[in-house]
J.: 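Structure provided below as structure tokens; questions to follow.
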There are 2 protein chains.
Amino acid sequence: MEAETAHATDEYGIPVIPCPSDAARRKRQLIIDAAAAEFLAEGYSAASMDAITSRSGVSKATVYKHFGNKERLFLAVIGGILPGSCAGPEPRGAALADAPDLRAALIGLTRDWAALLLRPDVMALRRLVIGEVDRFPQLGRLWYRLTYDVNNGPLVEAVTELGRRGKLDAPDPGLAVQQLVAATVGVPQLVHTFAPATEVDEAELTRVVTSGVDLFLARYAAS
Amino acid sequence: MEAETAHATDEYGIPVIPCPSDAARRKRQLIIDAAAAEFLAEGYSAASMDAITSRSGVSKATVYKHFGNKERLFLAVIGGILPGSCAGPEPRGAALADAPDLRAALIGLTRDWAALLLRPDVMALRRLVIGEVDRFPQLGRLWYRLTYDVNNGPLVEAVTELGRRGKLDAPDPGLAVQQLVAATVGVPQLVHTFAPATEVDEAELTRVVTSGVDLFLARYAAS
DNA sequence: GTCTATACGGAGATAGAC
DNA sequence: GTCTATCTCCGTATAGAC
């Protein structure tokens with residue numbers, strides 16, 4: 001910081017004039033990172049703008065210049081990291097219909113998805129959104145949209161396509177996918193929702209996900 | 001209140017001397033009701049002791065005499081109403097093994113259970129516990145214990161017994177029950193977790209629960 | 001046990017120099 | 001755009017009379 005006010009120079013003595021908007025963007029990112037950490041650790045109401053200021057290293061006035069108030073900062077930060085934290089099995093979901101071994105493909109897909117959703121930071125974000133959904137219904141709708149349109153959507157398409165090809169027999173593909181997700185990812189997720197400190201046991205996770213996929217196939221595999 | 005300080009009398013002029021500890025208990029209950037409403041509406045941090053005082057009608061000092069501080073009040077109130085809000089299908093879960101029509105019994109049981117868990121006040125309580133589980137891990141453990149020991153427990157017993165009688169074939173009854181719950185109750189619960197305003201459609205609920213039970217039986221009914 | 005009145009700190013947000 | 005210093009209010013919790 002002092003370097004800037006003292007006309008910083010590079011190693012050859014040439015003054016370095018940072019693009020002002022660039023410096024602003026860097027500070028903005030510092031604020032976002034600090035705010036995300038504070039909100040995730042404390043929740044919305046208990047998080048303090050003073051603490052965010054301290055964590056970020058910038059002054060409080062700068063925070064307010066950038067984001068206006070606490071609500072807007074919260075929505076910008078949480079809304080910004082939600083998409084990355086829900087990023088599920090879209091790419092592989094679309095390719096599911098062409099997988100040679102459907103069972104193995106489903107197991108791999110749900111297992112990887114569960115591993116992402118069970119990450120402590122993702123679980124903390126999920127708990128935060130759930131706890132604040134009355135105050136910020138937008139975030140609930142966003143989570144719902146990201147989960148169902150982005151993640152479940154391709155799976156529903158794949159199940160429908162597999163039905164056309166005679167490999168699955170699911171009269172209601174949308175409900176079938178909800179059940180598949182609930183019976184695989186949903187089971188360990190529920191445990192970690194109420195017991196955050198629980199560690200993820202990879203072997204146990206594979207066992208649960210495998211059993212869930214078998215449950216799904218026992219009902220919906222074409223006879 | 002004035003009646004007490006003015007030596008209240010009944011309709012015959014006989015002075016009414018309320019048992020002091022009884023008056024205290026009544027006030028205590030007023031505080032508990034007011035605190036529950038405030039905490040459920042605002043969350044822990046945003047709830048104010050001033051608001052709880054106003055809602056209850058007693059003075060702030062009385063609240064602190066009874067409960068010490070905000071944390072203790074929160075734990076007492078939420079911990080006190082949790083058991084009533086998780087009260088699931090225990091009585092019928094135990095009788096499940098003797099039901100003449102297993103499928104119908106499972107559908108009725110999960111449908112009624114879902115109807116309870118989807119009640120707006122129960123959902124709000126659930127969101128509150130989830131959102132505060134980092135600050136109050138006791139509540140998470142209590143919820144987990146109430147759900148698994150009280151509700152899932154009898155179901156696991158019933159599934160085990162049905163296995164002995166050759167009606168079900170579930171190698172891991174605990175996991176099977178988790179899957180049953182996830183595929184029935186869990187599906188609409190997930191929707192209402194992120195979209196509190198959604199109304200419960202009875203017909204849709206029956207459809208989802210029925211499909212979940214059929215999913216369960218397709219895998220675990222003895223052949 | 002219950003009240004009124006108050007102490008004390010920290011919250012969100014802003015003014016004004018640079 | 002960024003900082004320092006400050007404003008104002010509301011938070012939890014308590015003191016002391018009754």
J.: Would you mind telling me which residue lines up with the more 5' stretch of DNA chain C, G68(A) or V58(B), judged by nearest nucleotide?
T.: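 It is V58(B) whose nearest nucleotide is closer to the 5' end.
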
J.: Give the rounded distance in Å between these two atoms: CD1 of I52(B) and P of dC10(D).
T.: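 Spelled out: CD1 on I52(B) to P on dC10(D) is 17 Å.
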
J.: May I ask you to decide whether E202(B) forms a salt bridge with R207(B), counting only side-chain N to carboxylate O separations under 4.0 Å?
T.: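 No, no charged N to carboxylate O under 4.0 Å.
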
J.: Please state how far atom CD in E71(A) lies from atom C1' in dA13(C), giving the value in whole angstrom units.
T.: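 Distance check: E71(A) CD to dA13(C) C1' gives 14 Å.
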
J.: Which part of the nucleic acid, if any, lies within contact of A46(B), taking any heavy atom under 4.0 Å across all strands shown: a base, the sugar-phosphate backbone alone, or nothing?
T.: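 Answer is nothing: A46(B) stays at 4.0 Å or more from every strand.
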
J.: Could you check K65(B) against T62(A) and say which one's nearest nucleotide on DNA chain D is further toward the 5' end?
T.: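 Of the two residues, T62(A) wins.
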
J.: Whole-Å distance between dA7(C) C1' and M49(B) CE?
T.: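 Distance, rounded to whole Å: 17 Å.
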
J.: Once you round it to whole Å, what is the distance between P of dC3(C) and CD1 of I31(B)?
T.: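 Rounded to the whole Å, the gap is 9 Å.
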
J.: Would you kindly compare A47(B) and K60(A) by the position of their nearest DNA chain D nucleotide and give the one closer to the 5′ end?
T.: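 Of the two residues, K60(A) wins.
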
J.: Give one of base, sugar-phosphate or nothing for S59(B), where a contact means two heavy atoms less than 4.0 Å apart.
T.: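 Base contact.
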
J.: Taking the side chain of Y64(B) as its heavy atoms from C-beta onward, which of dT14(C), dT2(D), dT12(D) lies nearest to it?
T.: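 It is dT12(D).
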
J.: To the nearest Å, how far apart are E42(B) CD and dC10(D) P?
T.: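 So the two atoms are 15 Å apart, to the nearest Å.
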
J.: Between Q179(B) and S211(A), do the side chains contain a donor N or O and an acceptor N or O under 3.5 Å apart?
T.: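 Side chains of S211(A) and Q179(B): pair found under 3.5 Å.
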
J.: Between N151(B) (side chain) and C86(B) (backbone), is there a donor-acceptor pair under 3.5 Å?
T.: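 The answer is yes, because a donor-acceptor pair under 3.5 Å joins these two groups.
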
J.: Measure up the Y44(B) and F74(B) rings against each other and bin them: parallel (under 30°), tilted (30 to 60°), perpendicular (over 60°).
T.: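 The arrangement is perpendicular - the two ring planes meet at more than 60°.
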
J.: Using a cut-off of 4.0 Å on non-hydrogen atoms, how would the nucleic acid contact of A51(B) be classed: base, sugar-phosphate, or nothing?
T.: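 No contact.
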
J.: Could you check how far NZ of K70(B) sits from P of dA13(D), rounded to whole Å?
T.: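 K70(B) atom NZ is separated from dA13(D) atom P by 8 Å.
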
J.: May I have the distance from Y44(B) (atom OH) to dG11(D) (atom P), rounded to whole angstrom?
T.: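 Between P of dG11(D) and OH of Y44(B): 14 Å.
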
J.: Quick one: which of dA15(C), dA11(C), dA13(D) gets closest to the side chain of A61(A)?
T.: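 The answer is dA15(C), which lies nearest to the side chain.
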
J.: Who passes ring pair (Phe, Tyr, Trp, His ring centres under 6.0 Å) against Y64(A), sequence neighbours left out?
T.: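 Y64(A) satisfies ring pair (Phe, Tyr, Trp, His ring centres under 6.0 Å) with no residue once adjacent residues are dropped.
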
J.: dG12(C) P sits how many Å from R72(A) CZ, rounded?
T.: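 Roughly 17 Å, once rounded to whole Å.
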
J.: Under 4.0 Å, counting only non-hydrogen atoms across every strand here, what does D50(B) touch: a base, just sugar-phosphate, or nothing?
T.: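 Base, at least one base atom sits under 4.0 Å.
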
